[in-house]
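Below is one structure, written out as structure tokens; the observations come after it.
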Amino acid sequence: MRRRTTGLLAVACLVLAALAAGEAWYLWGISDPTPTTQRPVVIGDVDAQTAVETAAQDAAAIFTTSWRTYDQHLARVTTLMTPDMAERYRKTAEPVKQRTVAARAVTSTRVAGSGVVRAGTDEVQALVLLDQRTSQNGGVPSFTARRALVTMVPSDGGWLVDNVQTQ
Amino acid sequence: MTTATRWLTGLVVLLLLLALLGGALVWRTHGDRADARTAQERYGDVLAAADREVTAFVNLRYDDPASIDAVAAGATGDFRDRYVRSSQRVARVLARHRSVSTGRVVWSGVSAVSPDRATVLAATSGTVSNDRSQGTPRPRDFRFEVTLVHVGDRWLTANLQFVGDSA
């Protein structure tokens with residue numbers, strides 16, 4: 001009788017330990033979902049919204065330039081970017097600066113709209129619609145309806161621009 | 001009761017409490033994950049519906065009446081009524097100018113979403129050919145804002161407008 005009780009208790013221990021292990025796996029063992037076509041946004045609305053608003057503000061800053069202050073512009077906007085993006089941006093900046101200064105070009109950019117395309121814990125893509133006005137040599141500004149796909153990544157200091165594609 | 005039995009009894013009680021606590025956490029987490037999955041799938045559903053509608057809107061052919069009907073198929077409410085009322089006139093205009101537009105959604109993003117309403121921005125690229133272009137396709141890129149409402153188990157377009165100059 002005593003051995004039977006001990007055996008039953010041992011079995012109960014094993015069953016309960018297995019149950020607790022299964023529960024622990026469900027609670028902490030399942031990795032965060034990754035974005036898919038069916039579930040493109042797998043982070044909270046507030047996080048996604050924060051990333052998209054940052055993307056919109058940063059894109060407007062990146063696309064607002066003046067021939068008078070191009071160096072200051074470069075110094076300022078590269079702080080909004082990841083080191084990789086900042087390096088790529090600096091590499092393309094010199095010819096852009098030469099064209100901007102030669103044309104005495106001033107470009108102002110405002111956000112016409114923004115939305116989340118995909119959002120995961122390590123990357124958010126935002127569609128940003130930008131209205132751009134560029135004047136050259138003090139002439140009448142021309143309008144460009146720009147569309148930008150801005151990739152943001154999280155950092156200790158908030159979201160940083162990791163890539164910008166425009167069309 | 002032997003020492004071993006006492007120890008096992010204590011362990012069973014401890015594991016039982018642990019399993020009950022784990023069960024409660026699993027129950028709550030399961031509910032949270034189900035809610036999150038529903039919200040995440042909503043993003044996918046509204047983007048898919050908006051992409052379908054915008055794709056239909058930028059693919060209109062004078063020689064294919066079904067292409068005009070495709071827009072109405074994804075629409076609802078006043079927007080659908082207005083579109084259906086004007087569709088015969090649209091068909092006549094397309095036919096008169098032998099107009100063919102083609103296009104695709106390049107990027108789309110959700111700017112707002114709730115269980116019964118959503119706003120999506122979409123950027124398209126495509127071409128338009130007509131008698132003015134002498135049949136030669138000319139590039140045409142557009143920006144759209146699509147308002148969708150949840151009707152039954154579908155997301156339908158309640159409004160579709162171009163995003164032009166916001167100034």
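Chain letters run A, B, ... following the sequence lines, proteins first and then strands; every chain starts at 1.
- Of the residues considered (B:Val113, B:Leu16, B:Leu18, B:Leu21), B:Leu16 shows the highest number of contacts with chain A, using heavy-atom pairs under 4.5 Å.
- Using a 4.5 Å cut-off between non-hydrogen atoms, the part of residues 159-167 of chain A that approaches chain B consists of A:Gln165, A:Thr166, A:Gln167.
- A:Leu9 is listed as a side-chain neighbour of B:Thr5, based on a closest heavy-atom distance under 4.5 Å.
- With respect to chain B, the highest number of heavy-atom pairs below 4.5 Å among A:Ala145, A:Ala12, A:Ala48 belongs to A:Ala145.
- No part of A:Leu14 comes within reach of chain B, as not one of its non-hydrogen atoms sits under 4.5 angstrom from that chain.
- A 4.5 Å side-chain heavy-atom check between B:Tyr43 and A:Asp45 finds at least one atom pair inside the cut-off.
- Of the two parts of B:Val110, the backbone and the side chain both hold a non-hydrogen atom closer than 4.5 Å to a non-hydrogen atom of chain A.
- For the pair A:Pro40/B:Glu41, no side-chain contact is recorded, criterion being any heavy-atom separation below 4.5 Å from C-beta on.
- Minimum interatomic distance between A:Val41 and B:Gln40 (heavy atoms only, all atoms of both residues): O-CG, 2.8 Å.
- With a 4.5 angstrom heavy-atom cutoff, B:Ala19 touches chain A via backbone and side-chain atoms both.
- Considering every non-hydrogen atom in both A:Leu127 and B:Gly109, the closest pair reads CD2-N, 3.9 Å.
- Nearest heavy atoms, A:Gly113 versus B:Leu121: C-CD1, 3.4 Å.
- Counting heavy atoms of neighbouring residues, nucleotides and ligands inside a 6.0 Å radius, atom CD of B:Gln134 does not exceed 12 of them.
- The two residues B:Ser111 and A:Ser114 have their closest heavy-atom pair at CB-O, 3.0 Å.
- Residues B:Ser108 and A:Val117 fail the side-chain proximity criterion, which asks for heavy atoms closer than 4.5 Å.
- Within a 6.0 Å radius of CD in B:Gln88, no more than 12 heavy atoms belonging to other residues, nucleotides or ligands are found.
- With a 4.5 angstrom heavy-atom cutoff, A:Leu129 touches chain B via backbone and side-chain atoms both.
- Cluster membership check: B:Phe144 shares its hydrophobic cluster with B:Val105, using side-chain heavy-atom separations under 4.5 Å among Ile, Leu, Val, Met, Phe, Trp and Tyr.
- Relative to the ring axis of A:Tyr26, B:Arg33 places its NZ or CZ within 45° and under 6.0 Å from the centre.
- One distance of note links CH2 of A:Trp28 with CG of B:Leu25; it measures 6.5 Å at 0.5 Å rounding.
- Heavy-atom minimum distance, B:Leu15 versus A:Cys13: CD1-O, 3.4 Å.
- Looking at A:Ala148, the atoms closer than 4.5 Å to chain B (heavy atoms on both sides) all sit in the backbone: N, CA, C or O.
- In the hydrophobic cluster analysis, where Ile, Leu, Val, Met, Phe, Trp and Tyr join through side-chain heavy atoms closer than 4.5 angstrom, A:Phe143 is grouped apart from A:Val140.
- Of the possible polar contacts, none joining the A:Arg39 side chain to the B:Arg42 backbone as a donor-acceptor pair under 3.5 Å is found.
- Heavy atoms of other residues, nucleotides or ligands lying less than 6.0 angstrom from CZ of A:Arg88 number more than 12.
- Counting heavy-atom pairs under 4.5 Å between each of B:Ala48, B:Ser125, B:Ala39 and chain A puts B:Ser125 at the top.
- Between the CZ atom of A:Arg3 and the OG1 atom of B:Thr2 there is a distance of 12.0 Å, given to the nearest 0.5 Å.
- B:Val163 and A:Ala112 get closest at one heavy-atom pair: CG1-CB, 4.1 Å.
- Of the listed residues B:Thr124, B:Leu14, B:Val120, B:Leu20, the one with more heavy-atom pairs under 4.5 angstrom with chain A than any other is B:Thr124.
- Within the 4.5 Å cutoff, side-chain heavy atoms of B:Arg143 are placed close to those of A:Asp131.
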